[in-house]
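This report concerns only the one structure given below.
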Amino acid sequence: MRWRPILGIMALLVILALHVAPVLAEDCGCGGDSGSGDAGDSSDGDSSSGYGSSQDPAAMAATAQDMYMSGRYFEALQAFNDSLAIDPYNTPALMGKAEVLFTLRQYPEAAETYRKVVTISPDHDRAYFCLGNTYLVMGEYQEAAEAY
């Protein structure tokens, strides 16, 4: 099999990267910009309504992102969950929820949420990257290499 040596090298590089430049638990490396132009999302991006003012999941997710950026993590998590209750396929809301979970060091839940994103949108590169970072923090190096 040609892929086995390549996967081994990739795993070694990931392990080396873990020791040279560790991923900080406060930042999954995704940039904290969950609501920006993800392919396959359900948001229209033009809504000006705030959280609680409508049943617009995109507006709710945008407000949740603002809460996250201002350090109100538990409120943001609830707002992302409320948005996802209306539209469970909203990838910006899923990415935001995963970022909050990662920040709160709830790594297994963050990984599960990132996996939902790649199930919905298999070409979502940033979700794979963040999933890899989450696996790295959890010490699951083979899964990290596969996600990368």
Side-chain angles (χ1 to χ4, degrees), residues 3-47 50-51 56-148:
W3 290 103
R4 191 161 287 245
I6 292 172
L7 284 176
I9 291 170
M10 287 176 47
L12 178 62
L13 290 173
V14 169
I15 292 168
L16 287 174
L18 177 66
H19 291 289
V20 174
V23 176
L24 299 175
E26 293 78 30
D27 181 12
C28 70
C30 301
D33 187 18
S34 296
S36 63
D38 291 325
D41 69 32
S42 63
S43 67
D44 60 7
D46 293 328
S47 178
Y51 176 67
D56 180 5
M60 295 166 77
T63 301
Q65 183 64 27
D66 291 340
M67 291 174 184
Y68 171 70
M69 297 304 287
S70 67
R72 297 166 35 209
Y73 304 128
F74 293 103
E75 290 176 70
L77 184 58
Q78 183 59 52
F80 281 125
N81 284 333
D82 290 346
S83 174
L84 291 166
I86 297 168
D87 180 5
Y89 300 101
N90 184 333
T91 55
L94 284 166
M95 287 296 293
K97 176 181 178 176
E99 280 186 20
V100 172
L101 291 167
F102 188 96
T103 300
L104 295 173
R105 299 178 182 200
Q106 296 177 14
Y107 303 123
E109 295 87 354
E112 178 183 338
T113 306
Y114 286 127
R115 284 192 302 267
K116 286 180 185 177
V117 174
V118 298
T119 299
I120 293 167
S121 182
D123 295 332
H124 200 297
D125 294 337
R126 198 164 58 85
Y128 284 107
F129 176 75
C130 294
L131 179 59
N133 288 347
T134 304
Y135 282 135
L136 276 178
V137 171
M138 294 190 311
E140 297 179 15
Y141 304 119
Q142 182 63 39
E143 289 84 356
E146 290 171 9
Y148 288 134

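As the structure is a prediction and not an experimental result, all values here were calculated from the model.
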Note, Gln65 side chain near Pro92 side chain (heavy atom, < 4.5 Å): no
Close side-chain approach of Asn90 and Phe80, heavy atoms under 4.5 Å: no
Tyr135 ring center near Tyr141 ring center (under 6.0 Å): no
For [Y], is there any backbone N or O sitting under 3.5 Å from a side-chain donor or acceptor partner on [X]?
X	Y	result
Thr63	Ala59	yes
Ser121	Val117	no
Ser70	Met67	yes
Tyr114	Arg126	no

If you measure from [atom1] on [X] to [atom2] on [Y], what distance do you get to the nearest 0.5 Å?
X	Y	atom1	atom2	value
Asp66	Glu75	CG	CD	12.0 Å
Thr103	Tyr68	OG1	OH	3.0 Å
Met95	Lys116	CE	NZ	14.0 Å
Glu99	Tyr73	CD	OH	10.5 Å
Asp82	Asp87	CG	CG	13.0 Å
His124	Thr119	NE2	OG1	12.0 Å

Aromatic plane relationship, Tyr148 with Phe129 - under 30° parallel, 30 to 60° tilted, over 60° perpendicular: tilted
Qualifying residues under side-chain hydrogen bond (donor to acceptor under 3.5 Å, both in side chains), relative to Asp125, sequence neighbours excluded: none
Minimum heavy-atom distance Ala110-Ala98, with the two atoms named: CB-O, 3.7 Å
Non-hydrogen atoms of Ala127 and Val118 that approach each other most closely: CB-CG1, 3.7 Å
Derivation and outcome, side chain to side chain contact (heavy atoms under 4.5 Å, CB included), residues Glu143 and Met138: CA-CA 10 Å; Glu143 289 84 356; Met138 294 190 311; over 6 Å; no
